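What follows is a single structure, and I will ask about it in a moment.
None of the values given here were measured: they were computed from a predicted structure. Reminder, nothing fancy here: chain letters follow the sequence lines and each chain counts from 1.
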Amino acid sequence: MTDLDLDSSFIPALHKPPSLLPIAKYRESLLYVVEKFPVTIVIGQTGSGKSTQIPQFLERAGWCSDGKIIGITQPRRVAATTVALRVADEVGCEVGQEVGYSIRFEDVTSSSTRIKFLTDALLIREALTDPLLRRYSVIMVDEAHERSISTDILLGLLKKIRRKRPELRIIVSSATLQAEQFLKFFTASSDQEAKKQEDGQPPQEIATIVSLEGRTYPIDVLYLEAPAENYVEKAVNTVFDIHTQEGEGDILVFLTGREEIDNAIQAVAERAMQLESQHGPLQPLPLYAGLSTEQQMFVFDKAPEGTRKVVFSTNIAEASVTIDGIVHVIDCGFVKLRAYNPKTGIDTLTTTPISKASASQRAGRAGRTKAGKCYRLYNEAAYQALPETNPPEIQRSNLASTVLQLKALGIDNVVRFDFLSSPPSELMSKALELLYSLGALDEYAKLTHPLGSRMAELAVEPMMAKTLLSAPQFNCLSEMLTIAAMTSLGGNIWFYHDGERHKMESSRRKFAVEEGDHLTLLNVYQTFITKGKKEAKFCHEHNLNYKSLTRAVSIRAQLKRYLERFHINVDETLSSKQQSSSNVDKSNKAEQIRRCLTSGYFAHTARMQPDGTYRNVEGGTILHAHPNSLMFNRKADWVIFYEIMETGDKTYIRDITKIEKNWLVEYAPEFYKLSNSRG
DNA sequence: GAGCACTGC
């Protein structure tokens with residue numbers, strides 16, 4: 001027998017043993033409730049272990065014995081993967097075996113998978129081929145209180161599926177405030193079900209609420225006596241007050257956007273120079289989605305000994321990104337919310353007061369590792385006046401793709417779909433009108449075949465899906481696949497470090513193509529995969545976001561697979577020949593691409609005015625080319641654009657391409673006849 | 001002349 005070498009024999013536990021989690025003592029009662037009630041609403045405090053433990057309890061209790069599996073949905077990809085890795089670790093298997101996950105581009109499951117984590121959007125896609133989700137014995141919808149469109153649609157589907165599969169068990173995990181609403185949703189009968197219930201089970205037997213205690217540290221919440229006039233300034237002052245008066249611990253500051261964050265960081269940097277040496281240095285860092293991955297990673301690094309880290313963040317740190325070691329949270333009380341106006345067809349991005357639910361979520365970011373403090377830059381009366389929650393996404397979004405997806409799921413009467421919160425009827429009719437004009441729906445609002453059903457399967461917006469499916473007629477499918485992939489990146493293609501804006505602008509000019517942004521994006525992608533060899537080095541040299549371009553490669557490949565499944569042949573030799581062909585060929589190709597874009601984007605048209613601004617077709621709204629667009633400082637007449645958004649007091653259009661006016665009538669005769677008769 | 005909160009397929 002050899003002596004045990006303590007250092008090498010003992011490996012420190014990465015995670016607390018599951019039996020020590022507060023949830024362990026609820027095991028029996030949870031299993032009983034799930035057995036008895038078809039729907040269980042679980043109120044799980046942070047740190048309760050609900051996402052990791054409940055699936056294991058169920059699996060061990062035999063819920064997979066008949067070959068069926070347990071599905072747990074998450075609103076975000078990272079959550080699906082990290083929770084799966086952790087549960088696989090606790091179970092003691094390789095991820096992809098008994099425990100797996102599935103997200104877009106990554107299916108890490110196998111025939112032995114019994115516990116499967118996935119995004120809720122992906123589970124909805126599974127329902128396209130397996131409408132009753134028969135593979136699953138239990139489906140747990142995690143973070144349902146966030147109320148994303150996908151979560152809401154999924155809950156509506158599950159309620160419908162339950163009628164045909166009474167044995168299916170549904171678990172909805174929610175924050176305290178919203179639990180009652182989920183309970184009401186599942187117990188309230190829809191018309192069809194009401195009939196059945198006369199001789200069936202009474203409604204109160206369908207669902208119940210279980211509350212699990214969490215394990216968090218206390219957080220002191222502090223308010224201002226009077227509301228702050230300028231919350232960015234007040235936030236910076238509060239940072240210095242904490243730094244000079246409070247013990248150690250990093251600070252997380254919630255602001256609304258990039259501009260505020262950059263200003264705050266500059267202010268902190270300037271004032272820190274006058275700081276007395278006894279206080280130690282401050283390290284201000286930005287965090288928002290537009291940063292490159294490398295730039296985002298800094299917030300996870302531990303600050304040097306004696307230095308205090310101050311992260312200035314958008315809402316990304318409220319639920320998506322978790323930073324360890326935060327002791328102080330400063331909450332400005334505002335958030336930028338997107339809302340779609342169905343009358344104008346324009347999305348607005350507006351700074352809005354947060355909800356009480358958000359305020360408590362933000363405060364909770366302080367108490368993850370020890371007791372913390374939250375400084376709210378508003379007074380208690382203002383807090384009391386906040387709404388409990390913000391309106392769910394489904395009530396303030398363009399619903400074109402949602403409606404198309406519902407139709408593809410066989411829900412013909414989308415207005416009567418059992419929504420958790422019904423969208424305003426204007427949103428529904430606007431979506432139906434657009435889908436009709438694109439040919440995805442017929443005059444009876446029925447899904448068309450093959451066009452409509454194919455559009456529903458493609459993972460791009462309906463207008464782009466239409467463009468893509470028209471591309472073979474214009475002989476530009478290979479190019480359009482690239483353009484579809486690049487536009488769906490949502491603008492995160494270029495990046496710059498402090499003071500490098502001009503360098504980025506000149507990089508961008510090098511890729512510019514006269515006809516507009518779509519052809520410029522095509523040029524960027526083709527250069528990246530040919531001359532740039534898909535390498536990060538090429539991206540850094542040209543101020544391109546490497547992660548985004550890599551993503552474009554995956555999206556393009558996936559779209560291509562879909563088209564091949566539709567038996568649409570993608571001839572890639574055409575685009576490589578294009579590289580060496582003559583200028584005449586190139587301009588012909590460019591024209592085909594512009595015509596093809598017009599066939600899908602005829603509803604997004606504008607005309608340039610002598611002063612350089614644009615007007616939409618109705619003529620009423622002044623539109624500006626976004627400064628990121630090539631068309632910001634170029635002449636054009638008629639254009640189509642990918643996206644329109646109102647921020648502050650201006651309406652911007654992005655991803656713009658020049659077209660000819662007569663193409664509009666050629667490719668969308670009905671739409672333009674209609675518009676003319678209106679005016 | 002001047003700028004996009006955040007997710008997801």
Side-chain angles (χ1 to χ4, degrees), chain A residues 73-80 102-107 118-128 143 146-154 254-262 287-291 313-321 332 334-339 347-352 354 358 390 393 396-397 401-402 404-405 408 455-462 464-465 484-485 488-496 501-502 504-505 551 554-555 558-559 561-562 611-613 624-629 631-634 643-655:
Chain A
T73 71
Q74 298 288 338
R76 281 171 295 278
R77 295 160 54 90
V78 261
S102 188
I103 57 177
R104 188 183 186 185
F105 311 131
E106 266 181 88
D107 182 11
L118 71 172
T119 52
D120 38 23
L122 204 60
L123 187 59
I124 294 174
R125 292 218 154 232
E126 285 190 10
L128 284 174
E143 314 286 357
E146 290 187 17
R147 301 293 309 274
S148 72
I149 291 183
S150 304
T151 306
D152 275 20
I153 295 297
L154 182 59
F254 284 100
L255 295 174
T256 70
R258 176 184 192 150
E259 194 181 351
E260 286 175 7
I261 289 168
D262 289 346
L287 178 64
Y288 44 86
L291 294 174
S313 173
T314 60
N315 231 25
I316 194 172
E318 194 179 294
S320 311
V321 173
C332 77
F334 289 90
V335 66
K336 276 188 189 168
L337 269 194
R338 192 173 177 143
D347 267 311
T348 54
L349 197 59
T350 323
T351 302
T352 317
I354 58 171
S358 271
N390 281 319
E393 210 185 348
R396 51 183 171 84
S397 303
S401 22
T402 306
L404 183 62
Q405 200 158 37
M455 282 173 62
E457 278 197 64
L458 290 170
V460 287
E461 305 303 309
M464 187 55 88
S488 49
L489 297 176
N492 280 338
I493 292 164
W494 305 93
F495 81 94
Y496 58 88
R501 182 176 292 186
H502 287 290
M504 184 271 281
E505 306 247 344
R551 199 176 151 72
S554 306
I555 297 174
Q558 193 194 37
L559 292 171
R561 281 198 300 276
Y562 272 109
D611 66 355
T613 65
H624 300 264
H626 192 275
N628 284 353
S629 170
M631 290 298 143
F632 181 61
N633 48 18
R634 287 181 197 226
E643 197 183 37
I644 178 162
M645 186 173 283
E646 184 187 328
T647 55
D649 49 359
K650 276 189 178 170
T651 305
Y652 292 98
I653 53 178
R654 301 164 61 90
D655 291 340

To the side chain of A:I103, which of B:dC4, B:dC9, B:dG3 is closest? B:dC9

For a quick check of understanding: with a heavy-atom distance under 4.0 Å over all strands, which category does A:R125 fall into, base, sugar-phosphate or nothing? base

Are A:Y652 and the base of B:dG3 stacked, counting only ring centres nearer than 5.5 Å and planes tilted under 30°? no

Checking side-chain polar atoms at under 3.5 Å, does A:T256 have a donor or acceptor matched by the opposite partner on A:E260? yes

Checking B:dG3, B:dC4, B:dC6 against the side chain of A:E643 (C-beta onward), the nearest is B:dC4

Under 3.5 Å donor-acceptor pair, A:R501 side-chain atoms to B:dG3 base atoms: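 Answer is yes: a donor-acceptor pair is held.
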
Whole-Å gap separating C1' (B:dC4) and CG (A:L287):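 So the two atoms are 15 Å apart, to the nearest Å.
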
Is A:S488 close enough to B:dC9 that one of its side-chain N or O atoms is under 4.0 Å from OP1 or OP2 there? no

NA contact type, A:S148, heavy-atom cut-off 4.0 Å: base, sugar-phosphate, or nothing?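 It contacts nothing in the nucleic acid.
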
Can you tell me which nucleotide in B:dC9, B:dG3, B:dC4 comes closest to the side chain of A:R654?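 When the side chain of A:R654 is considered, B:dC4 is the closest of B:dC9, B:dG3, B:dC4.
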
Find the distance A:E393:CD to B:dC9:C1' and express it as a whole number of Å.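 Interatomic distance, CD of A:E393 to C1' of B:dC9: 13 Å.
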
Tell me which nucleotide among B:dC9, B:dC4, B:dG1 gets nearest to the side chain of A:F632. B:dG1

Value in whole Å for how far the C1' atom of B:dC4 lies from CG of A:L291: 12 Å

Distance, rounded to the nearest Å, where A:I316 contributes CD1 and B:dC6 contributes P: 6 Å

Scan A:A121 against the nucleic acid and name what it touches under 4.0 Å (heavy atoms): base, sugar-phosphate only, or nothing.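 The residue A:A121 makes sugar-phosphate contact but no base contact.
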
Just N and O in the side chain of A:H626: are any of them under 4.0 Å from OP1 or OP2 of B:dC4? yes

For B:dC4, take OP1 and OP2 only and decide whether either is under 4.0 Å from a side-chain N or O of A:T647.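 Answer is yes, contact under 4.0 Å.
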
Could you check which of B:dC9, B:dC4, B:dA2 has an atom nearest any side-chain atom of A:R77? B:dC9

In this structure, how many angstroms lie between the P atom of B:dG3 and the CG atom of A:N633, rounded? 15 Å

A:D655 CG to A:I644 CD1 distance, which is reported to the nearest 0.5 Å: 13.0 Å

Taking the side chain of A:T119 as its heavy atoms from C-beta onward, which of B:dG8, B:dT7, B:dG3 lies nearest to it?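 In terms of side-chain proximity for A:T119, the closest of B:dG8, B:dT7, B:dG3 is B:dG8.
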
For A:N315, which contact category applies under a 4.0 Å heavy-atom criterion: base, sugar-phosphate, or nothing?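 The answer is nothing, as A:N315 stays clear of every strand by at least 4.0 Å.
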
Rounding to an integer number of Å, can you tell me how far A:E143 CD sits from B:dT7 P?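 The distance from CD of A:E143 to P of B:dT7 comes to 14 Å, rounded to the nearest Å.
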
Rounded to whole Å, how long is the line connecting atom CZ of A:F334 with atom P of B:dC6?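 The answer, rounded to whole Å, is 18 Å.
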
Do A:T151 and A:E146 pair up side chain to side chain, a donor and an acceptor below 3.5 Å, judged on atom types alone?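 The criterion, which ignores hydrogens and geometry beyond distance, is not satisfied for A:E146 and A:T151.
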
Given atom CG of A:N492 and atom P of B:dC6, what is their separation to the nearest angstrom? 8 Å

Taking any heavy-atom pair under 4.0 Å as a contact, classify A:E505: base, sugar-phosphate, or nothing.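 Answer is base: heavy atoms of A:E505 come under 4.0 Å of a base.
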
Taking it one step at a time, do A:R104 and A:T119 satisfy side-chain contact (heavy atoms from CB on, under 4.5 Å)? CA-CA 8 Å; A:R104 188 183 186 185; A:T119 52; over 6 Å; no

Side-chain N,O (A:K336) to OP1/OP2 (B:dC4) below 4.0 Å: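 So the side chain of A:K336 is outside the cut-off, no N or O lying under 4.0 Å from OP1 or OP2 of B:dC4.
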
Starting at the 5' end of DNA chain B, which residue's closest nucleotide do you reach first, A:S150 or A:M504? A:M504

Charged N to carboxylate O below 4.0 Å: is that the case for A:K336 and A:E259? no

Under 4.0 Å, counting only non-hydrogen atoms across every strand here, what does A:L122 touch: a base, just sugar-phosphate, or nothing?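 Sugar-phosphate only.
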
Is there, by distance only and without an angle test, a donor paired with an acceptor across the side chain of A:Q405 and the base of B:dC9 below 3.5 Å? no

Students often mix this up, so state it plainly: with edges at 30° and 60°, are the rings of A:Y652 and A:H626 parallel, tilted or perpendicular?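 Because their plane-to-plane angle is over 60°, the rings of A:Y652 and A:H626 count as perpendicular.
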
Donor-acceptor contact present, side-chain A:R396 to main-chain A:R338, <3.5 Å: yes

